Peer 1: 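Quick one: the structure is below, questions incoming.
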Amino acid sequence: MSKIFYETAAIDYANAAPHIGHVYEKIICDFLARFHRLDGYETNFVTGTDEHGEKIARAAKNAGQEPQAFVDYVSEQLFQPAYRRLLISYDDYIRTTSERHKRFVQEILRKVYEAGDIYYAEYEGLYSVGSERFVTEKELVNGILPGDSEPPIRRKEANYFFRMEKYRPWLVEYLHEHPELIQPQAYRNEVLEILKEPIGDLSISRPKDRVPWGIPIPWDEHHVTYVWFDALLAYASSLASRGLFEKYWPHAWHVIGKDILKPHAIFWPTMLKSAGLPIYKRLVVHGHILAMDGRKMGKSLGNAIDPLALLDKFGVDAVHYALLRDTTLGSDSPFGEEVVVQRLNSDLANDLGNLLSRVRTMLLKYTGGKIPAPSAPDSEIAKAGVALAEKVRKEVDALRIHLALEEVLQYVRSLNKFVNDAKPWELARDESRRPELEDALYTAVEGLRIASVLLEPALPTKARELRAALGLGDYTIAQTETWGLAPAGTPIPQEAPILFPKLEVGELKSEGPKPKAAPSSEPNAANGQISIDEFAKVDFRVAEVVKAEKHPKADKLLVLTLNVGDHTRQVVSGIARDYTPESLVGKKLVLVANLKPAVLRGVESQGMILAGENAEGKIVVVTPEQDLPPGAKVR
RNA sequence: GGCUAUGUAGCUCAGCUGGUUAGAGCACACGACUCAUAAUCGUGGUGUCGGCGGUUCAAGUCCGCCCAUAGCCA
C-alpha cells in the first residue's frame, strides 16, 4: 500500500499582512509535511490566498487600487515572500482569483446545481458589511455585531441557496462513523452539538451589481459566488488543476484555526457530498496564539508579535521549534520572545548544539577527524535510538507535536549523559582502551544522526547543518530505526560554525523595537489621556533627509542622516520595507528630537521618525503638508 | 440559560481502560566533571492533583454538585 499524504493550510484572506497566527498555522503544516515526506509518504502540501469578497473590494478601494492589483500585492508581496523566508515547504500556492481555480469552482457549482441542491430565493435581513453575512438581532450588542465597526444595514436580496440542511442527518451519521474526522475531539463535540439543531441552507451567491468582485455563477451572469463556496474549493482546485486530484484527495488533511471550524466541519463536507466527491480524511483544529500575559493579541492592543521580526532576531529554526514546542495544538497558547529565547538557549544551544560541539571536538582530537568503527548495536543508547522513531510517530499522529519534540530532546539529554559517563577524554589517555573510546564516540555520532533526522521537520535548516558537521548527509525516518548507518571512516569537516549561538537575555530588552510604556510614568493612563504638560515634553522638529542608507545588519532598518536646522544627526528607522534610501533623500520628515538615544543593532539612533501604517500594512512617513524649514518646531 | 473543553510543583506541560511513597522540562540552590556554546551530569519539592460530597478494598483517574477560565449555541 502506497503512503500518500495531502495537507492544506487554510488559505489566508488577502486583506492585510500576515501575522503570527497565519505563521503559526503554516509552521504546524510545514512540520507535518516535512515529517511525512521524511517518513516515506508521497506528500503534497497546499496553501494560498482567498482573494474575493466585499471586504477585499472595499480594502482595495480604500487603498486606491483595483481589486486585482490589490490582491496581487497582498499575495505576491506580503504573504508569499513571508512564507518563503519562513521556509514553509508548500508544493502549490493556490490563489482564488486564478483561472484554474475559477474554472474548478464553476464546474462544481454546475454539479451541485444539476444535483438539484441549489435554488433561488429572496431574503431580507440585517447584513453586516464587516463580516460579509446576514446577522440576527440576537447576535447584536448595542445594535452592532461584536467585532464590527459599523451597525448592520437592512438588506433585501435574491440569492442562490445551497440545500445544506438536507445533508444534516447524513453528516451526523458520517461523523459518528468517522470519529477521527475532526480533531481534537473537543471540536468534534462542538460540531455535533451544532448539528442537533437545524443548520438551514447556505447562501452561496451575491448580486453582481452590488459585489462585482467574485466568480460569476455559471448559469446566471447577474450573480457571483459567495465567499465559502469559492474559498473552500481551493483545497480541491489546487489538486484538480494539476491532475493530482484522484491521487491525493482521499488522503486530505485540513489544518485550520478554531475560528473557521463551522465552514470546514459543516459547509464543506455537505458541499463535497452534494458534488459527489469524497469527504476529506481529517480536520485538524488549532488554537490561537496569545500574548505572554494570556490575553488576545492584536494591533489595537499593541501586543502583537511581528513574525518577520522574530525571524530576523532568532532565525528560522528557532522560530519553528519554539512555536511547535511551546504550544499545545487545539488550545490557545501564550507565546512571545521570552519563549523563543528560552527554547533556543536550553534545548537547542545547551542540549543539542553543545552536544554536537563536544562530540566534534573529540572526533578531531581523538580519532583523527573521522567517524570511528561502529559499536555494538545492543547498547541501551542504541536500543533507545532505534525505538525513538516509533514513539515520535505516535505522538505526531495524535497531533501532540510538542510531546513528539520532547521525546527527541529527552534522547538528546540521554546522549549528553552517556558522554559524561563514558568519559572519552579519560579513555583517550590509555591506548589499551582505544576500542572503548571509539565505541563511545560512534555511539554519540549515531545518536546525533537519529535525533537530527527526527528533529528535521521542526529544524528545517539546522538539522542538516548538524549532520553536515559530522560529515553525514540525509536520511529518512525509517533509516533511524537501524543502528549503525553512519559510515565508519567518514571524515568530518575541520571547521563548523556554532550551530545555535546562545542569546543573552539582556540582549532581548535593549533590542526590543517597542518597549512597552511603563505604566508608572503615565499618571492618567487609566483613560489613556495625557496633560498638555506631558505633551509639551516631546520635542517634535522638522528634519530634512540629507543621507539615507541601509542598516548593515538589519534589512528592515534604514540609517538616516537628518538636517535639523542647526545640526545634523543620525536616526535609525524601521521603514526599509516600504522606502528605498534614494526615495527619502530631500524629504522633510517629523522627528522626535528629545528621545533618549538608543543603539539599534549596533548603530546609534538619536531620535525617531513619525510614521503610520495603512490598511495594507504599508508604512507611510509623516511629512509637512507645505514646506517648513529644517529644525522648525512642530506642535 | 444550555452545551463542550480546561483547571496537576513558581512557569510550560505528562499522567492509558481507577492500584505501591503523583512525574518531566524550565527556573533556582548545591555538588561532580573538563571533551564542550560559563555548556553537561548528579542531588534537592510539606504540590490540600480547583472546591465539596459520593461509589470502591483502592480515585488526580469514575459519579454528582459547585467555583474559575475559554469557546460554541440560544
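Computed from heavy atoms alone, side chains included, the values below leave out hydrogens, waters and symmetry copies. Bear in mind the structure is a predicted one, so any value in this text is a computation, not a measurement.
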Peer 1: Among the candidates A5(B), U34(B), C13(B), find the nucleotide nearest to the side-chain atoms of A186(A).
Peer 2: A5(B)
Peer 1: Kindly say if N189(A) contacts the phosphate of A5(B), meaning a side-chain N or O under 4.0 Å from OP1 or OP2.
Peer 2: yes
Peer 1: Which one, C72(B), C13(B), U40(B), comes nearest to the side chain of N420(A)?
Peer 2: U40(B)
Peer 1: Is a donor-acceptor contact shorter than 3.5 angstrom present between the side chain of N354(A) and the base of A36(B)?
Peer 2: yes
Peer 1: Looking at C73(B), I'd like to know if its phosphate oxygens (OP1 or OP2) sit under 4.0 Å from a side-chain N or O belonging to K196(A).
Peer 2: no
Peer 1: Is a side-chain donor-acceptor pair under 3.5 Å present for Y235(A) with H264(A)?
Peer 2: yes
Peer 1: Among T490(A), L415(A), I371(A), exactly one meets side chain to side chain contact (heavy atoms under 4.5 Å, CB included) together with V445(A). Which residue is that?
Peer 2: I371(A)
Peer 1: Scan R413(A) against the nucleic acid and name what it touches under 4.0 Å (heavy atoms): base, sugar-phosphate only, or nothing.
Peer 2: sugar-phosphate
Peer 1: Is the cationic atom of K462(A) (NZ for Lys, CZ for Arg) positioned less than 6.0 Å from the six-membered ring centroid of F500(A) and within 45 degrees of its normal?
Peer 2: yes
Peer 1: Can you run through RNA chain B from 5' to 3' and write each base as (, ), [, ], | or . depending on how it pairs? Watson-Crick or G-U wobble, both distances under 3.5 Å.
Peer 2: (((((((..((((.....[...)))).(((((.......))))).....(((((..]....)))))))))))).
Peer 1: A349(A) has a side chain; which of C41(B), C35(B), U37(B) sits nearest to it?
Peer 2: U37(B)
Peer 1: Using heavy atoms to find the nearest nucleotide of RNA chain B for R400(A) and D421(A) separately, return the residue whose nucleotide is more 5′.
Peer 2: R400(A)
Peer 1: Nearest of U37(B), C73(B), C13(B) to any side-chain atom of I194(A)?
Peer 2: C73(B)
Peer 1: OP1 or OP2 of U40(B) less than 4.0 angstrom from a side-chain nitrogen or oxygen of N350(A), does that happen here?
Peer 2: yes
Peer 1: In terms of side-chain heavy atoms of E406(A), which of U37(B), C26(B), A24(B) is nearest?
Peer 2: A24(B)
Peer 1: Could you measure between the two C1' atoms, the one in C62(B) and the one in U43(B), and give it in whole Å?
Peer 2: 38 Å
Peer 1: Need to verify one output field. Residue with the more 5' nearest nucleotide on RNA chain B, K417(A) or L348(A)?
Peer 2: L348(A)
Peer 1: Pick from H286(A), K258(A), H288(A): which one makes a side-chain hydrogen bond (donor to acceptor under 3.5 Å, both in side chains) with D332(A)?
Peer 2: K258(A)
Peer 1: Looking only at side-chain N and O atoms, does H288(A) come under 4.0 Å of OP1 or OP2 in G71(B)?
Peer 2: no
Peer 1: May I ask you to establish whether R343(A) and Y321(A) are in a cation-pi arrangement, using a distance under 6.0 Å from NZ or CZ to the six-membered ring centre and at most 45° from the ring axis?
Peer 2: no
Peer 1: Does T361(A) place a side-chain N or O at less than 4.0 Å from the phosphate oxygens OP1/OP2 of A36(B)?
Peer 2: no
Peer 1: Taking it one step at a time, do D474(A) and R467(A) satisfy salt bridge (charged side-chain N to carboxylate O under 4.0 Å, His left out)?
Peer 2: CA-CA 8 Å; D474(A) 289 341; R467(A) 288 193 301 271; 3.0 Å; yes
Peer 1: Quick check: any donor-acceptor pair below 3.5 Å linking the side-chain of D326(A) to the base of U12(B)?
Peer 2: no
